[in-house]
Amino acid sequence: MLKTINLHKKYNDFIALESLNLEVNKGEIFALLGQNGAGKSTTINMLLGLIKPTSGDAFINDISVTENPQEIKKHLAYIPETVLLYPNLTGIENLDFFSKIAGFTYDKEELVSFLNRTGLQEIAHHKPLGGYSKGMRQKVGIAIALAKDAKVLLLDEPTSGLDPIATADFTELVCQFGREGRTVFMATHDIFNAVSVATNIGIMKQGQLIQNLPSKTFTAEELQEIYLKTI
Ligand code: ATP
């Protein structure tokens, strides 16, 4: 579903990402850990087609990102650390607008049901997004991903700044996404969340993927130990 072949990014002489070979299959949730500057966002931006690789390529559903940057957008949803939607539009208006941009028109009931699935309280649906908390904005972001029927979800530090309940809600939504056979790739610093949500965990150091491990084989404490030894 998501694959990179020798994906490589250089800025002058600096290697931001070194020949990344990775496969994340349908229904898998891949969490990428690594220190600041390790190359996590560079990877996500290349998967999105926002940064052109120096060499190599990424594939979403077997479609080349470099050759078909517009086509792959139909299969992807991206939720950055801070979800930027239209602050003057309500949650439901944002969902309606971004669904239409992606080519989907839903009636009000359907829009409400997408928002309900994310756990966004109904009272918030008709309030301007400018007054939403970070966790609420993320829920609208997930509702947009569901409405677009995105097969692949890319998340950049999704739990940073969320309180423990919002993190738990978010974790449950990401797990549901995986159970529906969708694929999730997330960059995170949250070791505890990575262990609870991911099927596979990668650890990146200075642009290199040093570890790629199935997550169910260890606890958060054990992962922290592996992480500290790796970086
Ligand atoms: P963080 O956890 O802080 O978000 P990250 O793992 O996402 O870090 P990246 O943002 O991918 O790290 O950056 C990887 C490296 O590439 C960093 O050393 C960064 O300074 C460098 N880099 C990123 N963009 C550019 C650019 N446009 N020009 C030069 N160097 C860049």
Side-chain angles (χ1 to χ4, degrees), residues 2-24 28-60 64-66 69 72-73 76-85 134-135 137-138 141-142 145 150 152-164 166-167 170-171 174 183-213 215 220 223-231:
L2 184 160
K3 188 160 77 174
T4 67
I5 299 179
N6 293 326
L7 190 67
H8 193 83
K9 183 66 189 176
K10 258 172 104 175
Y11 292 105
N12 299 318
D13 285 341
F14 177 75
I15 299 173
L17 186 70
E18 188 165 350
S19 297
L20 177 68
N21 287 294
L22 181 68
E23 250 186 85
V24 188
E28 286 182 346
I29 300 171
F30 185 88
L32 182 61
L33 299 168
Q35 283 182 299
N36 296 126
K40 304 180 297 298
S41 300
T42 302
T43 306
I44 289 190
N45 285 326
M46 286 198 285
L47 291 170
L48 284 165
L50 297 177
I51 296 181
K52 204 173 167 327
T54 310
S55 56
D57 205 351
F59 299 84
I60 306 293
S64 154
V65 175
T66 55
I72 58 120
K73 285 192 175 66
L76 285 177
Y78 170 53
I79 304 192
E81 186 183 342
T82 303
V83 174
L84 292 172
L85 300 170
K134 184 174 176 174
R137 284 200 302 273
Q138 275 191 337
I142 298 250
V152 177
L153 186 61
L154 302 177
L155 306 165
D156 203 351
E157 299 188 24
T159 56
S160 122
L162 291 189
D163 70 53
T167 300
F170 182 80
T171 300
V174 171
T183 303
V184 181
F185 181 96
M186 61 191 252
T188 184
H189 293 293
D190 186 341
I191 287 181
F192 183 80
N193 183 251
V195 167
S196 52
V197 74
T199 54
N200 295 76
I201 292 181
I203 302 178
M204 189 168 267
K205 180 182 178 184
Q206 293 168 2
Q208 281 187 303
L209 187 67
I210 308 277
Q211 302 269 13
N212 185 354
L213 310 157
S215 74
L223 176 59
Q224 186 166 26
E225 216 167 288
I226 296 169
Y227 179 81
L228 292 173
K229 276 189 191 147
T230 305
I231 57 163

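Read the numbers this way: they start at 1 and go in the same order the structure lists the ligands and their atoms. Sequential numbering from 1 along the given sequence is applied to the chain's residues.
Annotation: ligand 1 has protein neighbours Tyr11, Phe14, Ala16, Gln35, Asn36, Gly37, Ala38, Gly39, Lys40, Ser41, Thr42, Glu157, His189, each with a heavy atom less than 4.0 angstrom from the ligand.
For Thr171, the side-chain hydrogen bond (donor to acceptor under 3.5 Å, both in side chains) partners at least two apart in sequence or on another chain are Asn193. The side-chain hydrogen bond (donor to acceptor under 3.5 Å, both in side chains) check on Asn6 picks up Asn21, with sequence neighbours excluded.
In this structure, the side chain of Gln224 does not engage the main chain of Ile191 through any donor-acceptor pair within 3.5 Å. A donor-acceptor pair is defined here as one N or O able to donate and one able to accept, closer than 3.5 Å; such a pair exists between the side chain of Thr199 and the backbone of Ile29.
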Contacts table for residues 31-46: side-chain donor-acceptor under 3.5 angstrom, sequence neighbours left out:
residue, atom, partner, partner atom, Å
Lys40, NZ, Gly34, O, 2.8
Lys40, NZ, Gln35, O, 3.0
Ser41, OG, Asp156, OD2, 3.1
Thr43, OG1, Gly39, O, 2.8
Asn45, ND2, Ser41, O, 3.2

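One finds the CZ atom of Phe59 at 11.5 Å from the CD1 atom of Ile72 (value rounded to the nearest 0.5 Å).
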